[in-house]
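All of these numbers come straight from a predicted model, not from anything done at the bench.
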Amino acid sequence: MIKDVGNFVGQEISIKGWLYNKRSSGKIKFIILRDGSGYLQCVYFKGNVTEDTFNTVDKIGQESAIEVTGKVRAEQRAPGGYELDATDLRVISETHDFPITPKEHGIEFLMDNRHLWLRSSRQVAILKIRHRISKAIRDYFDGHGFTLVDTPILTPAACEGTSTLFETDYFDLGKAYLTQSGQLYAEANAMALGKVYNFGPVFRAEKSKTRRHLTEFWMVEPEVAFADLNDDMDLAEDFLEYVVQSVLSDNIEDLKILERDITLLKNVKKPLPRISYDEAVEILKKNGVEFEWGNDLGGTDETIISNQFDRPVMVHRYPSAVKAFYMKRDPQNEKLALAVDVLAPEGYGEIIGGSQREEDFDTLLSRIEEHNLPREAFEWYLDLRKYGSVPHSGFGLGLERTVSWICGLDHVRESIPFPRMIYRNTP
RNA sequence: UCCGCGAUAGCUCAAUGGUGGAGCAUUCGGCUGUUAACCGAAGGGUUGCAGGUUCGAGUCCUGCUCGCGGAGCCA
């Protein structure tokens with residue numbers, strides 16, 4: 001693979017890939033080969049290769065699949081520091097008129113050609129960082145005593161009763177819904193295994209049309225038995241530090257391709273600042289925002305708050321009225337929920353939402369009734385409070401928002417290979 | 001759902017109500033170290049769709065379609 005060519009200096013090698021770009025100057029021709037692992041400049045001198053091979057270089061278009069043979073050489077003038085002094089060229093599949101040229105394109109064209117856009121250096125870098133983040137997430141939990149549990153995607157009822165879900169017919173059993181969260185099922189698993197996490201796609205049928213929303217996105221949700229809100233925040237900051245520092249140590253080249261300023265990412269270390277909702281409201285008022293206590297924080301509110309800090313900030317104890325039914329109320333103030341949101345810097349908004357869960361049977365039942373949720377659908381969930389109920393907490397981290405933040409993207413649509421949005425479900 | 005902006009060559013964009021252009025891409029020619037290479041030439045158009053105003057509409061008006069930005073909702 002191209003990323004390993006440095007180990008083959010002085011040797012003749014053959015390498016398969018795609019033609020990324022080419023330039024020619026009379027009797028010398030340069031091609032840039034890409035293979036997914038990196039980019040390699042290959043030089044064709046007239047005289048070093050057959051007339052036929054030399055002419056073939058002219059003929060093949062961008063994204064032709066080829067196999068290049070030649071000797072590896074360290075070369076300062078070549079991108080990446082190494083170059084292939086080519087002796088042969090085998091065409092595996094010739095291509096002409098690849099739509100995405102190395103020039104500028106508009107977003108509509110690029111999204112229509114998303115299946116081809118993925119081959120560009122920028123998209124390749126993003127996908128590699130996305131993979132590193134996914135791996136860091138799994139490594140972190142696997143290394144801290146968590147068991148991965150897979151929760152259902154088709155569910156009989158809305159998990160939280162707050163957002164609009166995709167609906168589908170389910171044989172003779174009526175309607176089924178695409179899950180918006182695996183959390184309730186993760187709680188059941190946590191009562192079996194202690195510390196668990198699930199990691200998979202979730203779905204929201206909200207007609208949200210912003211740079212932070214997809215209708216299908218990936219979420220990781222740890223759930224821990226015998227953990228309170230403070231334990232939850234301790235976990236979130238330790239976890240977030242691990243994920244960000246993993247990318248910084250392994251993906252510096254990819255971040256350079258994205259021209260990401262990593263100054264603030266380097267700051268993502270424990271402890272993260274913790275402020276209460278009340279303190280957040282004070283910050284808003286100091287910044288001239290007319291904010292009424294009791295409302296949820298909007299996107300611009302989150303940006304103002306996060307701009308006060310040089311790293312992600314945890315906002316805890318929100319008004320219970322704007323939070324989900326299963327969140328435990330603060331014993332010190334019944335109007336507050338033991339919830340926490342982690343706001344990423346630079347306007348990337350909420351990347352983590354979590355809480356301590358209500359563990360008392362009667363209280364949870366009355367919450368379900370207050371929210372006009374069908375009790376039958378939650379009988380199994382109530383059982384968790386009937387048999388060996390314990391304080392427990394967890395959170396959910398949105399993968400695409402995290403990728404967008406770490407990569408410095410201006411829209412989540414670039415953070416997943418094939419984004420699903422309100423006005424686009426193709427390609 | 002609401003507010004705002006837009007749709008012209010394969011792509012990115014120009015064009016005062018008066019003969020639709022440029023750069024890139026493509027094809028041809030030139031160049032022995034290019035870095036989104038460069039230089040010269042050629043081909044390439046039902047100006048999103050439907051109506052209207054006007055002697056004359058890419059340009060003004062109305063409706064529609066699609067897209068983009070933002071709000072709300074949310075992670």
Could you tell me whether A:Q62 contacts a base, only the sugar-phosphate backbone, or nothing, with contacts defined as non-hydrogen atoms closer than 4.0 Å?
nothing
Rounding to the closest angstrom, what is the interatomic distance between B:rG18 and B:rG4 at atom P?
28 Å
Rounded distance in Å - OH (A:Y44) to C1' (B:rU34):
16 Å
Base, sugar-phosphate, or nothing: which does A:G396 touch, judged by heavy atoms less than 4.0 Å apart?
nothing
Could you tell me the separation between the CG atom of A:L384 and the CE atom of A:M191, rounded to the nearest 0.5 Å?
6.5 Å
Rounded distance in Å - CZ (A:F98) to C1' (B:rA25)
13 Å
Return the 5'-most residue of the pair A:F109, A:V412 with respect to RNA chain B, ranking by each residue's nearest nucleotide.
A:F109
B:rC5 - base-pair partner by Watson-Crick or wobble geometry, distances under 3.5 Å
B:rG67
Check whether the side chain of A:E83 and the base of B:rG33 form a donor-acceptor pair under 3.5 Å.
yes
Base, sugar-phosphate alone, or nothing: which one does A:L214 contact when heavy atoms must sit under 4.0 Å apart?
base
Out of B:rG67, B:rU34, B:rU26, which has the shortest distance to the side chain of A:R23?
B:rU34
Just to be sure I understand the rule, does A:P99 reach a base, reach only the sugar-phosphate, or reach nothing, if contact means heavy atoms closer than 4.0 Å?
nothing
Polar contact flag, side-chain donor to acceptor under 3.5 angstrom, A:Q183-A:E223:
no
Between A:Y39 and A:N21, do the side chains contain a donor N or O and an acceptor N or O under 3.5 Å apart?
no
Should the side chain of A:H105 and the base of B:rC11 be counted as holding a donor-acceptor pair, with the cut-off at 3.5 Å?
no
Any A:K207 side-chain nitrogen or oxygen under 4.0 Å from OP1 or OP2 of B:rU1:
yes
Classify the side-chain pair A:T50/A:D52 by whether it contains a donor and acceptor separated by less than 3.5 Å.
no
How many whole angstroms separate atom CD of A:E206 from atom P of B:rA71?
15 Å
Just say parallel, tilted or perpendicular for the rings of A:Y381 and A:F325, cut-offs at 30° and 60°.
perpendicular
Given atom CG of A:L40 and atom C1' of B:rU34, what is their separation to the nearest angstrom?
15 Å
Assuming nearest nucleotide by heavy-atom distance, tell me which of A:K22 and A:D58 is located more 5' along RNA chain B.
A:D58
Whole angstroms only, please: what is the CD-C1' distance between A:E75 and B:rU32?
14 Å
Below 3.5 Å, does any donor atom in the side chain of A:S208 face an acceptor in the base of B:rC73, or the other way round?
yes
How many whole angstroms separate atom NZ of A:K59 from atom P of B:rU26?
15 Å
Select base, sugar-phosphate, or nothing to describe what A:R122 touches, counting heavy atoms under 4.0 Å on all strands.
nothing
Please state how far atom NZ in A:K209 lies from atom P in B:rG67, giving the value in whole angstrom units.
9 Å
Mate of B:rU46 where both pairing distances stay under 3.5 Å, Watson-Crick or G-U
none
Nucleotide opposite B:rC24 in a Watson-Crick or G-U pair, distances under 3.5 Å
B:rG10
Mate of B:rC55 where both pairing distances stay under 3.5 Å, Watson-Crick or G-U:
B:rG18
Identify whether any heavy atom of A:G398 sits under 4.0 Å from a base atom; if not, whether one sits that close to sugar-phosphate; answer base, sugar-phosphate or nothing.
nothing
Given the C1' atoms of B:rC68 and B:rA25, what is the spacing between them in whole Å?
24 Å
Shortest side-chain distance from A:R77, nucleotide among B:rC24, B:rA71, B:rU34
B:rU34
Do the side-chain N and O atoms of A:Q41 and A:R77 include a donor-acceptor pair separated by under 3.5 angstrom?
no
Residue matched to B:rC38 through Watson-Crick or wobble contacts both under 3.5 angstrom:
B:rG30
A:D341 side chain to A:Y318 side chain, donor-acceptor N/O pair below 3.5 angstrom
yes
In whole Å, measure the gap between the P atoms of B:rU19 and B:rC38 for me.
33 Å
C1' atom, B:rU16 versus B:rG58: distance in rounded Å?
13 Å
Pairwise P distance, B:rG44 and B:rG6 [rounded to whole Å]:
31 Å
Describe the nucleic acid contact of A:N21 in one word from base, sugar-phosphate, nothing, applying a heavy-atom distance below 4.0 Å.
sugar-phosphate
Roughly how far apart, to the nearest Å, are B:rC13 and B:rG29 at atom C1'?
28 Å
Integer-rounded Å distance: B:rC68 C1' and A:D112 CG
13 Å
Would you call the rings of A:F395 and A:F239 parallel, tilted or perpendicular, where under 30° means parallel and over 60° means perpendicular?
tilted
Describe the nucleic acid contact of A:E104 in one word from base, sugar-phosphate, nothing, applying a heavy-atom distance below 4.0 Å.
base
Expressed as a whole number of Å, how far does the P atom of B:rA15 sit from that of B:rA22?
15 Å
Can you figure out which of B:rG33, B:rU26, B:rG69 approaches the side chain of A:R413 most closely?
B:rG69
Measuring only the P atom in each nucleotide, how far is B:rG30 from B:rA14? A whole number of Å is fine.
37 Å
Of the nucleotides B:rC73, B:rG33, B:rU27, which one has an atom closest to the side chain of A:R212?
B:rC73
